[in-house]
Amino acid sequence: MDASRPRAAVDGPLLLVTGGTGFVGGAVAAAVRATPGARLRLASRRPSAASASAGRTIRADLTDPASLRGLCDGVDVLLHCATRIEGPADLTSEVNDRGTEALVEEALRAGVRRIVYLSTASVYGRGTFRDVRPESLPLAPGSPTSASRAAAEAHVLAAGGTTLRPHLITGAGDRWVVPGLVRLHRRLLASVDGWPARISTVDVADLARVAVALALAPEDVSGAWHPNHPEPVRCDELFDALVHTFRLPPTHHDLSIAAARGKLADHPRDRHHLDMLATDHWFDSTRPWSVTGSRPGLGFVDSLHRHASWYQAHLATALP
């Protein structure tokens, strides 16, 4: 899709953001608002009465294709951030796969000139990934949710669109990454093989910034991208930062990966986090920053410090 054709002299580009009330979608909507000349339209399954009456948000339900009719009229760029990540497989497939297919069809009908989809590096499954670019990696999703997001990607890519595959996203509103790491530390109270692996992360505001920059880039940006901070974080540095920031109990011994898995036998969610940290998950993420001329922003430790107050308030109730 070509986003470089001349724009109207009076109005700037109109960007439609789906999922604008969510963790990433909300940050993307804020980044659009901060972009000079850009206009924002939000789509939500349940818009507030005040927002809907003011014309700021339009009701759209990815499980109801009829509700998408007319949603993209007049839109220059679609930033699709709405995703179902929990629930039964048929529901995640209905939202992520078939819902995205219907949304893409509506965007094409309306003449939207660029589609950007916020996907995930989990479409690759578990690996060892070291400094790899998207074109070097086959898709091998390891869960129904990841499979449905890979299917959503296929609809976007077939339409000439852009998919973004971040790995771990941090920042205010993150209820999965940092809380899960804190819970894992509390369960183990130990390092695992010295925590040598390197992990790609990105602050949610920086992800939103580069997503909007790619959405408005004059050059062709179709295909898949890794929009992480270019420098991965070592897991030992990651846990040191958690201990110091949240005053967690320090570790005094080291476990093998087999012993750690055994200790977490009754805690599948924590084993999921452990397996994610047991080997490198590091993706070459230099390209989106260089192409758009954007600054990468915060690495993991700086992002954690910036959002420490939000995390502390959340952890106080989520992980008593």
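Everything quoted here is computed from the prediction, not taken from an experiment. Starting from 1, each residue takes its place in the sequence as its number.
- With salt bridges taken as basic N to acidic carboxylate O contacts below 4.0 Å, none links R114 and D220.
- By the 4.0 Å N-to-carboxylate-O rule, D275 lies close enough to R261 to be salt-bridged with it.
- L14 and G74 make their closest contact through CD2-O, 3.5 Å (heavy atoms, listed as atom of the first residue, atom of the second, distance).
- Using modelled atom types, one finds a donor on one side chain and an acceptor on the other under 3.5 Å when comparing D254 with S191.
- Here the closest non-hydrogen pair linking I257 and D193 is N-OD2, 3.4 Å.
- With sequence neighbours excluded, the residues forming a side-chain contact (heavy atoms from CB on, under 4.5 Å) with E105 are E101, listed by chain and number.
- A donor and an acceptor atom, one from each side chain of T57 and S44, are nowhere located under 3.5 Å apart.
- In this structure, D76 and R39 have side chains that are in contact, with non-hydrogen atoms separated by less than 4.5 Å.
- Between F239 and W195, the ring planes lie parallel to each other; the angle is under 30°, not in the 30° to 60° tilted range.
- For the pair F23 and T83, the minimum side-chain heavy-atom distance is 4.5 Å or more.
- Sorted by first then second residue, the salt bridge (charged side-chain N to carboxylate O under 4.0 Å, His left out) pairs that include residues 151-170, not counting sequence neighbours, are E153-R165.
- Checking H167, H226, H281 one by one against Y124, the ring-ring contact (aromatic ring centres under 6.0 Å, His included) holds for a single residue, H226.
- V192 approaches A260 most closely through the heavy-atom pair CG2-CB, 3.8 Å.
- Looking only at atom types and distance, the side chain of H155 has no donor-acceptor partner in the side chain of R98 under 3.5 Å away.
- Smallest separation of non-hydrogen atoms from V243 and P250: CG1-CA, 4.4 Å.
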